[in-house]
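So the structure is just underneath, and the comments pick up after that.
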Amino acid sequence: METDTITAISTPIGEGAISIVRLSGEEAIPVTAELFQGKNLLEAESHTIHYGKIIDPDTKEVAEEVMVTIMRAPKTFTREDIVEINCHGGMVAVNRVLEIILAKGVRIAEPGEFTKRAFLHGRIDLSQAEAVMDLIRAKTDKAMSVALKQMDGRLSSLIGTLRQELLETVAHVEVNIDYPEYDDVEEMSHGMMRSKTKEVHKEIEKLLEVAKQGKILREGLATAIIGRPNVGKSSLMNALVQENKAIVTEIPGTTRDVIEEYVNVRGVPLRLSDTAGIRETEDIVEKIGVDRSRKVLAESDLILFILNNNEALTDEDKALFEAIQGLDYIVIVNKTDLEQKLDLEKVAELAEGKPVISTSLIKEKGIDQLESAIAKTFFAGEIDARDLTYVSNVRHIQLLKQAKQALEDAMSSLEMEMPLDIVQIDVTRTWEFLGEIIGDTASDSLIDQLFSQFCLGK
């Protein structure tokens, strides 16, 4: 485990009221005290903040006016001594302080190294560490709530309980095998093993049932807006985003590429793509946009398919209906403020039970109904982020699927009345897969890879 002192800027790059330089390690307080003009930081109590100045040791001049926070181990994020130097916002001031600290022999932190040290020192497990990044990247209040629950150890606690049940089961089998002469130890039977594996299997299935919702909350619902040119795709995007992100004109083919934006719909984050109108065209630039639109369509979780209420259904519209068969989509009949020329009965027939929403985007009508339909399509109403333990991380979902499969292998072996010492191999595999979620059985290379995805000062 690394024991040297590290530092990094922990606030975003750019101008602001305050920028923070963070240090962690044995030399964090002594190094800062040597550069600080003000209270003797070596004698400062933990979790106190002090006004003073950082002095450049080369020029002996004041480098920056600061507030310094002292936090002593072990009651810190990394369980090491931590110092946070609050500078004036702006890159010149904060970089000058950072350069002075680096000149004292402190090492620049690697991406995610502060959180990695918290993990290595046992303050948090791997799933909680990953939740830190989920919290930073949260796009909605519900996504933030799920990340906070995971940071608090909600998932870790459940996984730990399941692993303990499996461990006790495996240990019971081992005692029966190694010490058959112990009459006071209850013999593990196939029935007992079957009961234990079914209990754990049921809990894993419950986690996987809500995993799709959790993954959407974490990553956003990949949503494509499609339709013929000039039906109102860009207007819909602007209405959802509530900003004029896309160019809206009466000229067909204005959108030449895929425009992406995150929007919050009833607590559900949509990764929204306003695509170029899909049609046959000789315009080279527009053709590239159309090709990209088809690719986005294939990768989307949800399609918002817009039709023009003021035009009869065309062959292009029917072709788009065929293109999205088998996908989750909502049909939007736009421009209802104009004369109806669209055959709504035919639209309902082609939609095959999918929601059909009427809108007049120019008059801002129908948006509430559309947002409600989006939420119901994926979550059958409101998401309960308070009571459920959501699994949102792709790595966690994959490991849960592997754990579930290993348990099913064990249950199949039990049905065939195979010896318990053979069955326990699959039970042990389940225990190991669950351990990878919280980091108990994760490899060093996996841990390094996960923390490398963090920002520098975290």
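Since this is a predicted model, take the numbers as computed values, not measurements. Residues take their numbers from the sequence shown, with the count starting at 1. These values consider heavy atoms only, across backbone and side chains, with no hydrogens, waters or symmetry-generated copies.
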Are any non-hydrogen side-chain atoms of [X] and [Y] less than 4.5 angstrom apart?
{"X": "Ile70", "Y": "Ile49", "value": "no"}
{"X": "Val200", "Y": "Leu166", "value": "yes"}
{"X": "Lys198", "Y": "Arg194", "value": "yes"}
{"X": "Glu371", "Y": "Leu240", "value": "yes"}
{"X": "Arg123", "Y": "Thr78", "value": "no"}
{"X": "Met71", "Y": "Glu84", "value": "yes"}
{"X": "Thr32", "Y": "Leu41", "value": "yes"}
{"X": "Ser300", "Y": "Thr223", "value": "no"}

Heavy atoms only: give me the nearest [X]-[Y] pair and the separation to one decimal.
{"X": "Gln424", "Y": "Asp421", "value": "CG-O, 3.2 Å"}
{"X": "Tyr51", "Y": "Lys53", "value": "OH-NZ, 3.5 Å"}
{"X": "Ser19", "Y": "Thr11", "value": "CA-OG1, 3.3 Å"}
{"X": "Thr48", "Y": "His50", "value": "OG1-NE2, 2.7 Å"}
{"X": "Ala239", "Y": "Ile367", "value": "CB-CD1, 3.8 Å"}
{"X": "Ser156", "Y": "Ile438", "value": "CA-CG2, 4.0 Å"}

Between His396 and Glu130, is there a side-chain donor-acceptor contact under 3.5 Å, judged purely by atom types and distance?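 Indeed, the side chains of Glu130 and His396 share at least one donor-acceptor pair under 3.5 Å.
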Donor-acceptor side-chain pairing of Asn95 and Glu99 below 3.5 angstrom: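 No, no side-chain donor-acceptor pair sits under 3.5 Å.
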Pairwise distance [atom1]([X]) to [atom2]([Y]) - rounded to 0.5 angstrom:
{"X": "His201", "Y": "Ile204", "atom1": "NE2", "atom2": "CD1", "answer": "7.0 Å"}
{"X": "Thr69", "Y": "Ile20", "atom1": "OG1", "atom2": "CD1", "answer": "7.5 Å"}
{"X": "Phe36", "Y": "Ile85", "atom1": "CZ", "atom2": "CD1", "answer": "9.0 Å"}
{"X": "Glu408", "Y": "Ser413", "atom1": "CD", "atom2": "OG", "answer": "12.0 Å"}
{"X": "Ile306", "Y": "Leu361", "atom1": "CD1", "atom2": "CG", "answer": "6.5 Å"}
{"X": "Ile357", "Y": "Leu304", "atom1": "CD1", "atom2": "CG", "answer": "10.5 Å"}

Report the C-alpha separation of Val21 and Val94 in whole Å, then their side-chain angles, then the decisive distance to 0.1 Å, and conclude whether the side chain to side chain contact (heavy atoms under 4.5 Å, CB included) test is met. CA-CA 7 Å; Val21 178; Val94 72; 3.5 Å; yes
Electrostatic pair [X]-[Y], nearest N-O below 4.0 angstrom:
{"X": "Glu203", "Y": "Lys206", "answer": "yes"}
{"X": "Glu168", "Y": "Arg163", "answer": "no"}
{"X": "Arg117", "Y": "Glu80", "answer": "yes"}
{"X": "Arg72", "Y": "Glu45", "answer": "no"}
{"X": "Asp301", "Y": "Arg271", "answer": "no"}
{"X": "Glu165", "Y": "Lys196", "answer": "no"}
{"X": "Lys404", "Y": "Asp426", "answer": "no"}

For a side-chain contact (heavy atoms from CB on, under 4.5 Å) with Ile437, tell me which candidate from Ile159, Leu207, Asp125 qualifies.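 With Ile437 as partner, side-chain contact (heavy atoms from CB on, under 4.5 Å) holds for just one option, Ile159.
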Ring-face cation contact, Phe114 with Arg22, 6.0 Å cut, 45° max: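 Yes, Arg22 sits over the ring of Phe114.
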Step through the shown structure and confirm whether more than 12 heavy atoms of other residues, nucleotides or ligands are within 6.0 Å of CD on Glu417.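 Count over threshold, so yes.
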Greater than 12 external heavy atoms within 6.0 Å of Glu26's CD: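 Check fails, neighbour count at 12 or below.
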Side chain Lys60, main chain Pro57, donor-acceptor under 3.5 Å: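 Checking the backbone N and O of Pro57 against the side chain of Lys60, a donor-acceptor pair under 3.5 Å is found.
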Ile324 vs Ile226, test: side chain to side chain contact (heavy atoms under 4.5 Å, CB included). Steps then yes/no. CA-CA 10 Å; Ile324 60 177; Ile226 70 165; 3.8 Å; yes
